[in-house]
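Worksheet: the structure to be examined is printed underneath.
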Amino acid sequence: MAAGDGTADLAEAQGAYSTDENGLSSINGLSSVNGLSSINGLSSVNGLMTSFDGRLNVKYLVKCALPAGHQLKKQDQFGVWNTFDGAMGMGTGWENGACDKNCQEGISACMMAHVNTAGVHIPLWMVSPAANVGWGTSGSYPNREGTYFGNIFPSNPKAYYCNGPNYATSAA
């Protein structure tokens, strides 16, 4: 998954892209949660649902994995229900427990793109060969800052980042 650059084109006019905001401070702990490869692995007893940071990870996990219109409802350790909305649809197999390597890598790239260790929400322009995200450039997001790939699901996660040609260029 990469950030778009350049000027507006036909893809932008047709809506073949996705905008979002980041704000995930880390993805620590995702790979250590037994059963992360499906919704059922998100435990309310000893897993991600037991802390604010864990629930924030779930928020971005669901946002990346499920398409718009799909939701996940899970209880925390106190029995409080939390609703998480899908948006990107990068790993639809995750919803039914059939998240293969391609599914995991799509979700992983999306999650890594959302990491912002400053904890400040910054608008993103995301592109992907995945049809549900699309490909295109935008004059509003002229700096291609990075590309993310790997797989954060296994017990030995691999997360990679390549700086884009304008990674250190201010948008302001």
Side-chain angles (χ1 to χ4, degrees), residues 1-4 18-68 70-77 82-135 144-164 167-168:
M1 187 162 296
S18 177
T19 59
D20 200 4
E21 284 192 346
N22 63 10
L24 185 61
S25 61
S26 75
I27 51 177
N28 292 336
L30 280 181
S31 62
S32 64
V33 178
N34 189 16
L36 181 65
S37 59
S38 72
I39 286 174
N40 294 330
L42 300 175
S43 173
S44 61
V45 177
N46 59 5
L48 291 172
M49 293 302 298
T50 62
S51 69
F52 174 81
D53 288 340
R55 289 186 296 276
L56 186 61
N57 277 306
V58 173
K59 173 185 172 183
Y60 282 96
L61 174 63
V62 173
K63 177 190 283 194
C64 288
L66 303 184
H70 289 234
Q71 292 182 326
L72 170 66
K73 295 181 181 187
K74 291 297 271 185
Q75 286 182 301
D76 65 16
Q77 72 273 30
N82 296 264
T83 301
F84 304 98
D85 296 315
M88 308 296 293
M90 295 299 297
T92 56
W94 181 79
E95 190 169 15
N96 61 20
C99 193
D100 62 11
K101 182 180 175 189
N102 288 335
C103 169
Q104 292 175 9
E105 288 176 350
I107 295 169
S108 296
C110 180
M111 299 239 351
M112 287 182 267
H114 280 89
V115 171
N116 172 346
T117 57
V120 178
H121 292 287
I122 298 172
L124 301 175
W125 178 272
M126 296 175 65
V127 297
S128 169
N132 48 317
V133 176
W135 197 261
R144 190 176 70 210
E145 296 179 18
T147 299
Y148 305 88
F149 57 100
N151 190 340
I152 61 174
F153 283 75
S155 60
N156 185 19
K158 305 287 187 207
Y160 303 99
Y161 167 83
C162 293
N163 285 336
Y167 75 94

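Remember, predicted model here, so these are calculated numbers, not experimental data.
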Interatomic distance, [X] atom [atom1] to [Y] atom [atom2] [nearest 0.5 angstrom]:
X	Y	atom1	atom2	result
Leu61	Leu72	CG	CG	8.5 Å
Asp100	Trp94	CG	CH2	15.0 Å
Tyr160	Ile152	OH	CD1	13.0 Å
Gln75	Lys73	CD	NZ	12.0 Å
Met112	Glu105	CE	CD	9.0 Å
Leu66	Glu95	CG	CD	4.5 Å

Please name the pair of heavy atoms, one in [X] and one in [Y], separated by the smallest distance, quoted to 0.1 Å.
X	Y	answer
Met126	His114	SD-CE1, 3.5 Å
Cys103	Gly93	SG-N, 4.2 Å
Thr92	Pro67	CG2-CD, 3.7 Å
Met88	Cys64	CB-O, 3.6 Å
Ser51	Gly54	OG-N, 2.9 Å
Trp125	Val127	NE1-CG1, 3.4 Å

Tell me if a side-chain donor or acceptor on Thr147 pairs with a main-chain N or O of Cys162 at a distance below 3.5 Å.
no

When you measure from the side chain of Gln104 to the backbone of Cys99, do you find a donor-acceptor pair of N or O atoms at a distance under 3.5 Å?
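Yes.
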
Is any side-chain heavy atom of Met90 less than 4.5 Å from a side-chain heavy atom of Met111?
no

Find out whether Lys74 and Val58 are in side-chain contact, i.e. whether some heavy atom of one side chain is under 4.5 Å from a heavy atom of the other.
no

If the plane angle is over 60° it's perpendicular, under 30° parallel, otherwise tilted; pick one for Tyr161 and Tyr148.
tilted

